[in-house]
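Report on the following structure.
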Amino acid sequence: MPSVKILCPTGHLSFTPLEKGSFLLGCEQKPDFIIADAGSCDMGPRPLGADQHVSLETWQRQDLEIMLLKSRELGVPMIVGSASDTGTDRGVDQFVRLIADIAREHKLAPFKLAAIYAEIPVADLKRRQSAGTVIYGLDGRADADPSVLDRTTRAVAVMNAEPIRAALCAGADVVIAGRSSDCALFAAPLLEAGLSPAVSYYAGKLMECASFCAEPFMGKESILGRIEGEEVYVTAMHPGQRCTPASIASHAMYERTNPYREYVAGGYVDMSQCVYTQVDPKTTRATGATFVADSSIKVKLEGAGLVGHRRLAVVGIRDPQTISLIDKAIDWAKGKLAERFGPVGQGYDVFYHLYGRNAVMEELDPAPDLKPHELGIVVEAIDKDPARAQEICALAARNLFYARLPEVKGTAGTAALMSDEILIGEPGYEWTLNHVIEVKTAMELFRVRHLIVEGGAAKEAA
Amino acid sequence: MAATRLRELASTIRSKNAGVDHITFDVIFRERANFERVRDSGVLAEAKIPALFNLDPKRITHYCVFEPANAIKFTIRRLKPSGSPGERDVFGSQQYAPLFDVQVP
């Protein structure tokens, strides 16, 4: 019966730096693989749309260095997925460059690296759509029509285990994958070892966020998974953490709609019959997952599109009369915008974030309309044209200053401008694609490059 | 038994993105007895959620009593995807506060 040990040091590589102490303790347990995911949709659509990383390169380099040096010292493969936050081709190339730099700096012996690309040109999606491929909506979204693709700036496909298995099969010592299903990073070597899809994907689901599946709450600490037959043993590596049935089960439901199912291309893991048992103070055994195969392979697509340029202003209000009439003041300011630019929401947009009232929850906030003693307002304007966004934001903010309200005594200005300036925000993006398309094989949308890292460079393998 | 606020019974009350179109809420209990008390009281029944969040019931897409984790879980649809212009909580991580003061008989 195969038994495989996987060390996972972080749930999102370099979003903040990983904690080295528990990682080194994990390495003493002689893992067979060192695996971490490096991406997420949590930061919103801009990183993908603008193709930027949100993790600092200094931290990316530091985390990759810690993993690479131990992986080479132990002689075990290292797998990193969703490279550089977005898993775009830029992210994969950036991580390959960092790996080559680290290898040169530490004079590492030559090793094999597989780079797997997951970006899919919007033009390619348009061609597929024109040829009749349906881009099915997820999570209640409608199927994508051509206008959805027109609004998409950049898209990635989310790989399942197969491309990573292909890389491992070819002898890769280091795998740098583009956008990947988190659990697929872990499932790939387990499937290669002959374990079942059920236990392989299930182990990935439990391990993908590293120490988030342990208690008490700590991020960026290592956990060790031992997978034997249909059993997953998860152990916290930090001296102060433990994996308990409660911590593992509550992680199984984390950031997902359905706690019983983990969907991957080609099926889902059914976790409804899972049983969690404490086997030693730091380790919980999880069993009972089954895999329900789909008759077709559907690959998830993520896409982001540029909405416009953003400008921001910060305005404070202390006059209790103005605070109680803030909705009227905003309506007045929007009216002035409409006189000049047409109705708000048509071709441009303005948002007043009312910190102190309901900026955080807006329509979901059940709190009674408490009268804060002061109100902080972030004015957000968005327009396709940066100069117009600037003008809209200035007018939207300054007209709070000039709002005409009944019974206001402070006739020298109804708002305090923190500074009479307009801040340049990052451009605004939206998630345009949260969809799936059917493919013939799980490899179809992904490209694997086999490289040799030697003397500080990554070259194509012969 | 005197009424108690949910924050005194649950060990975890959290909200978080579940994909880019949803926010999911987890209420987790360390003590099985507290979990059963809240579950059986019905104060977090699916039909009670809309009033807690000024919410159109149609926006609740999933509701689940998750026994293995002593947890109650529900998921709501966002009005627009996370991180769109005008967005107020990109991670969906600060939407749970109204659950704290739910009175549990």
Side-chain angles (χ1 to χ4, degrees), chain A residues 40-47 49 137-141 215 217 245-260 271-276 302 304 307-308 310 349-353 358-367 380-382 425 427-434, chain B residues 11-12 14-24 26-32 35 50-56 58-59 61-99 101:
Chain A
S40 175
C41 287
D42 275 343
M43 305 84 69
R46 183 177 52 80
L138 282 177
D139 295 335
R141 287 192 177 210
E215 61 179 87
F217 176 77
S247 74
I248 296 282
S250 71
H251 182 68
M253 66 193 276
Y254 182 60
E255 57 182 10
R256 54 204 296 99
T257 56
N258 185 334
Y260 296 117
M271 300 185 280
S272 61
Q273 304 304 314
C274 288
V275 177
Y276 304 91
E302 296 168 352
V307 180
R310 278 165 72 248
D349 229 328
V350 170
F351 304 95
Y352 292 89
H353 301 274
N358 65 348
V360 175
M361 296 188 65
E362 292 190 46
E363 86 287 349
L364 291 176
D365 203 325
E380 177 183 14
I382 188 147
Y429 286 82
E430 62 176 341
W431 288 114
T432 52
L433 288 174
N434 177 23
Chain B
S11 51
T12 297
R14 69 187 178 196
S15 64
K16 178 77 205 295
N17 288 345
V20 302
D21 293 321
H22 290 91
I23 298 173
T24 194
D26 300 333
V27 182
I28 307 174
F29 301 86
R30 187 167 293 120
E31 309 297 333
R32 181 78 188 175
F35 165 64
L52 295 174
F53 291 91
N54 281 333
L55 188 66
D56 179 344
K58 288 202 274 294
R59 281 177 66 191
T61 59
H62 294 81
Y63 180 91
C64 172
V65 176
F66 187 49
E67 302 273 346
N70 294 340
I72 294 169
K73 180 177 185 65
F74 58 92
T75 303
I76 67 169
R77 170 176 298 287
R78 285 175 175 269
L79 291 182
K80 53 186 170 186
S82 77
S84 301
E87 169 61 55
R88 74 292 183 107
D89 187 356
V90 179
F91 284 59
S93 51
Q94 274 295 303
Q95 304 297 309
Y96 56 82
L99 294 168
D101 292 331

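Chain A is the first sequence line, chain B the second, and so forth, proteins listed ahead of strands; every chain is numbered from 1.
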Self-check item: Spatial distance of atom CD1 (B:I72) from atom CE (A:M253) [nearest 0.5 Å]
Solution: 9.5 Å
Practice problem: Side chain from CB out, backbone as N, CA, C, O: work out which of these in B:S82 comes under 4.5 Å of a heavy atom of chain A, or both, or neither. | Solution: both
Quiz item: For A:E380, is it the side chain, the backbone, both or neither that has a heavy atom under 4.5 Å from a heavy atom of chain B?
Solution: side chain
Quiz item: Looking at A:P366 and B:L52, what are the two nearest heavy atoms and their distance?
Solution: CG-O, 3.1 Å
Self-check item: Rounded distance [0.5 Å steps], CG in B:D21 versus CG in A:L138
Solution: 8.5 Å
Self-check item: When B:S93, B:A71, B:C64 are compared by non-hydrogen pairs under 4.5 Å with chain A, the top option
Solution: B:C64
Exercise. Tell me, with the steps shown, if B:F53 and A:M361 meet side chain to side chain contact (heavy atoms under 4.5 Å, CB included).
Key: CA-CA 9 Å; B:F53 291 91; A:M361 296 188 65; 3.8 Å; yes
Self-check item: Distance-minimising heavy-atom pair for A:Y260 and B:E67
Solution: OH-N, 4.3 Å
Quiz prompt | B:R14 to A:S250 - nearest heavy-atom pair and separation | solution = NH2-O, 3.1 Å
Quiz prompt | Option that, when pairs with chain A are counted at under 4.5 Å, heavy atom only, ranks first among B:P81, B:G19, B:S11 | solution = B:P81
Quiz prompt | Side chain, backbone, both or neither of A:M271 within contact of chain B (heavy atoms, under 4.5 Å) | solution = neither
Quiz item: Top residue by heavy-atom pair count (under 4.5 Å) with chain A, among B:A18, B:G86, B:A69?
Solution: B:G86
Self-check item: Atom pair CG (A:L364) and CD1 (B:I76), whose distance is rounded to the nearest 0.5 Å
Solution: 4.5 Å
Self-check item: Top of B:R77, B:Q94, B:K73, B:H22 for chain A proximity - count of heavy-atom pairs under 4.5 angstrom
Solution: B:K73
Practice problem: Take A:V360 and B:Q95 through the test side chain to side chain contact (heavy atoms under 4.5 Å, CB included) and record every step on the way to the result. | Solution: CA-CA 8 Å; A:V360 175; B:Q95 304 297 309; 4.0 Å; yes
Quiz item: Under 3.5 Å, is there a donor-acceptor pair between the side chain of B:K80 and the main chain of A:E430?
Solution: no
Self-check item: Minimum heavy-atom distance B:N54-A:D365, with the two atoms named
Solution: ND2-O, 2.9 Å
Exercise. Evaluate the side chain to side chain contact (heavy atoms under 4.5 Å, CB included) criterion for residues A:E215 and B:T12: first the C-alpha distance (whole Å), next the side-chain angles of each, then the deciding distance (0.1 Å), finally the verdict.
Key: CA-CA 12 Å; A:E215 61 179 87; B:T12 297; over 6 Å; no
Practice problem: Would you sort out whether B:V20 and A:R141 count as a side chain to side chain contact (heavy atoms under 4.5 Å, CB included), showing the intermediate values? | Solution: CA-CA 11 Å; B:V20 302; A:R141 287 192 177 210; 3.9 Å; yes
Self-check item: Proximal component of A:Y276, with respect to chain B [non-hydrogen, under 4.5 Å]
Solution: side chain
Self-check item: Residue list, side chain to side chain donor-acceptor pair (under 3.5 Å) with A:Y352, at least two apart or on another chain
Solution: none
Quiz item: Where on A:I382 is there a heavy atom nearer than 4.5 Å to chain B: the side chain, the backbone, both, or neither?
Solution: side chain
Quiz item: Which bit of A:D42 is near chain B, if near means a heavy-atom gap under 4.5 Å: side chain, backbone, both or neither?
Solution: both
Exercise. Look at B:D26, B:D89, B:T61 and state which one has the largest set of heavy-atom pairs under 4.5 Å with chain A.
Key: B:D26
Practice problem: Check whether any side-chain N or O of A:R256 sits under 3.5 Å from a backbone N or O of B:T24 as a donor-acceptor pair, and report yes or no. | Solution: no
Self-check item: Contact leader toward chain B among A:P45, A:G428, A:C41, A:A246, where contacts are heavy-atom pairs under 4.5 Å
Solution: A:P45
Self-check item: Contacting moiety of B:N17, where chain A heavy atoms sit under 4.5 Å
Solution: both
Self-check item: Which portion of B:T75 sits near chain A, non-hydrogen atoms under 4.5 angstrom
Solution: side chain
Self-check item: Per-residue contact mode, B:L79 against chain A (heavy atom under 4.5 angstrom)
Solution: side chain
